[in-house]
Amino acid sequence: TRSLITFGTPYRGSLNAVGYLANGYAKGIGPLKVDLSETVRSFTSIYQLLPTFECVDSGSGQLVRVGETSGLPNIDAARAAKALALHHEIRDAQKRNAADEAYRKDGYKIFPIVGIEQPTFVSAVLRNGKLELSQSFKGKVMGGDSVVPRVSATPVELSDQHREVYAAEAHASLQAPGRSLAGSSSSQVVSHAGGSVVVQADATSAARREAVMVMRMDSTMERGERRR
């Protein structure tokens with residue numbers, strides 16, 4: 001059986017992309033600083049990294065998708081809508097493939113490696129003309145790998161397949177040997193198996209709590225995805 005193992009792949013986007021577009025992006029060393037905001041905003045790929053789930057409160061008190069609203073600072077609404085449409089095309093193509101017997105027989109399985117327990121932006125609110133990123137979603141703090149929200153690292157179509165392997169690691173360390181795959185004592189690996197939560201014996205209590213919480217949070221975010 002062919003398999004594809006993904007490491008923190010942002011299937012449903014990353015709030016970091018929202019921050020880069022809305023608030024700018026700069027890099028510096030010591031007194032030297034380069035503002036890359038306009039360059040980053042010119043990239044279509046940054047728009048395609050925008051979250052596909054409802055995550056932005058533009059002032060109404062309700063969370064909406066970036067690609068389905070306007071008036072967000074420095075975010076081109078038309079480009080955001082076009083990027084969201086691309087994700088819808090991918091979703092629709094996956095549904096067609098899933099209905100194809102030959103594809104189901106010969107296609108590969110996806111096994112996501114998902115980072116948890118790291119401070120990760122999962123929502124944003126517009127205040128005084130500026131988008132403020134938040135690590136909480138509807139009042140609850142959610143983890144991720146510091147770049148990709150936990151829920152975003154699993155494809156929508158695999159939401160109920162329980163194939164994830166969870167690792168309490170940052171995004172850039174998910175592929176490191178002896179961590180996510182080997183499950184060493186430093187990695188605190190958590191995974192789903194048959195609908196249950198399987199936690200490595202040395203996982204911290206925080207990792208254990210998050211493993212249970214994300215299963216519950218998934219259902220809320222996934223219902224929003226499936227309405228589209």
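Not measured: the values here are computed from a predicted model.
The distance from atom OG of Ser123 to atom CZ of Phe53, rounded to the nearest 0.5 Å, is 8.5 Å. Going from atom NZ of Lys27 over to atom CG of Asp35 covers 13.0 Å, rounded to the nearest 0.5 Å. Here CG of Asn74 is found 9.5 Å from CG of Leu131. Values are rounded to the nearest 0.5 Å. How far CZ of Arg91 is from CG of Leu84: 8.5 Å, rounded to the nearest 0.5 Å. The line from CD of Gln94 to CG of Leu158 is 7.5 Å long, rounded to the nearest 0.5 Å. Remark: Ser146 OG to Leu174 CG distance equals 8.5 Å, nearest 0.5 Å.
Checking side-chain atoms of Ser159 against main-chain N and O of Val156 turns up a donor-acceptor pair under 3.5 Å. Gln118 places no side-chain N or O within donor-acceptor distance of the main-chain N or O of Gly115, the cut-off being under 3.5 Å. With Thr39 contributing its side chain and Ser37 its backbone, the two residues share no donor-acceptor pair below 3.5 Å. No side-chain donor-acceptor contact under 3.5 Å links Arg163 to the backbone of Lys109. Side-chain N or O atoms of Arg12 include none that pairs as donor or acceptor with a backbone N or O of Pro51 at under 3.5 Å. Remark: side-chain polar atoms of Ser136 are not paired, donor with acceptor, to backbone N or O of Val141 under 3.5 angstrom. At distances below 3.5 Å, not a single donor-acceptor pair connects side-chain atoms of His171 with backbone N or O atoms of Val148. Here the side chain of Ser14 pairs a donor or acceptor atom with the backbone of Val147 at under 3.5 angstrom.
Between Ala153 and Pro112, the shortest heavy-atom distance links the atoms O-CB, 3.4 Å. Residues Arg104 and Asn97 approach most closely at CG-O, 4.3 Å, considering heavy atoms. Of all the heavy atoms in Leu126 and Ser58, the pair that sits closest is CD2-O, 3.6 Å.
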Full working for side-chain contact (heavy atoms from CB on, under 4.5 Å) between Thr154 and Glu164 = CA-CA 7 Å; Thr154 300; Glu164 300 96 330; 3.1 Å; yes
Verdict with supporting geometry, Thr44 and Arg79, side-chain contact (heavy atoms from CB on, under 4.5 Å) = CA-CA 8 Å; Thr44 297; Arg79 295 182 71 187; 3.6 Å; yes
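Side-chain polar atoms of Arg41 and Tyr25 form no donor-acceptor pair below 3.5 angstrom. With 3.5 Å as the limit, one finds no donor-acceptor pair spanning the side chains of Thr52 and Tyr11.
Counting heavy atoms from C-beta outward, Phe137 and Leu63 have side chains that approach closer than 4.5 Å. A 4.5 Å side-chain heavy-atom check between Asp145 and Glu169 finds every atom pair outside the cut-off. The shortest side-chain heavy-atom distance between Asp57 and Gln62 does not fall under the 4.5 Å cut-off. Looking at heavy atoms from C-beta onward, Leu50 lies in side-chain contact with Val18 at the 4.5 angstrom threshold. Contact of the Ile75 side chain with the Tyr47 side chain is registered, since non-hydrogen atoms from C-beta on lie closer than 4.5 Å. Two residues are said to be in side-chain contact when any heavy atoms from C-beta on lie closer than 4.5 Å; Ser152 and Leu15 fail this criterion. Ile113 is not listed as a side-chain neighbour of Phe111, based on a closest heavy-atom distance of 4.5 Å or more. Considering only heavy atoms from C-beta on, Leu72 comes within 4.5 Å of Val56 through its side chain.
Of the charged side-chain nitrogens involved, none lies within less than 4.0 Å of a carboxylate oxygen, so that Glu117 and Arg150 do not count as a salt-bridged pair.
Hydrophobic clustering of Ile, Leu, Val, Met, Phe, Trp and Tyr side chains at less than 4.5 Å, counting indirect connections, unites Val66 with Phe43. The hydrophobic cluster containing Val34 also contains Leu21, counting ILVMFWY residues as joined when their side-chain heavy atoms lie under 4.5 angstrom apart, directly or transitively. Residues Ile46 and Phe121 share a hydrophobic cluster, clusters being chains of Ile/Leu/Val/Met/Phe/Trp/Tyr side chains in contact below 4.5 Å. With hydrophobic clusters built from ILVMFWY side chains whose heavy atoms lie under 4.5 angstrom apart, Val122 does not share a cluster with Val125.
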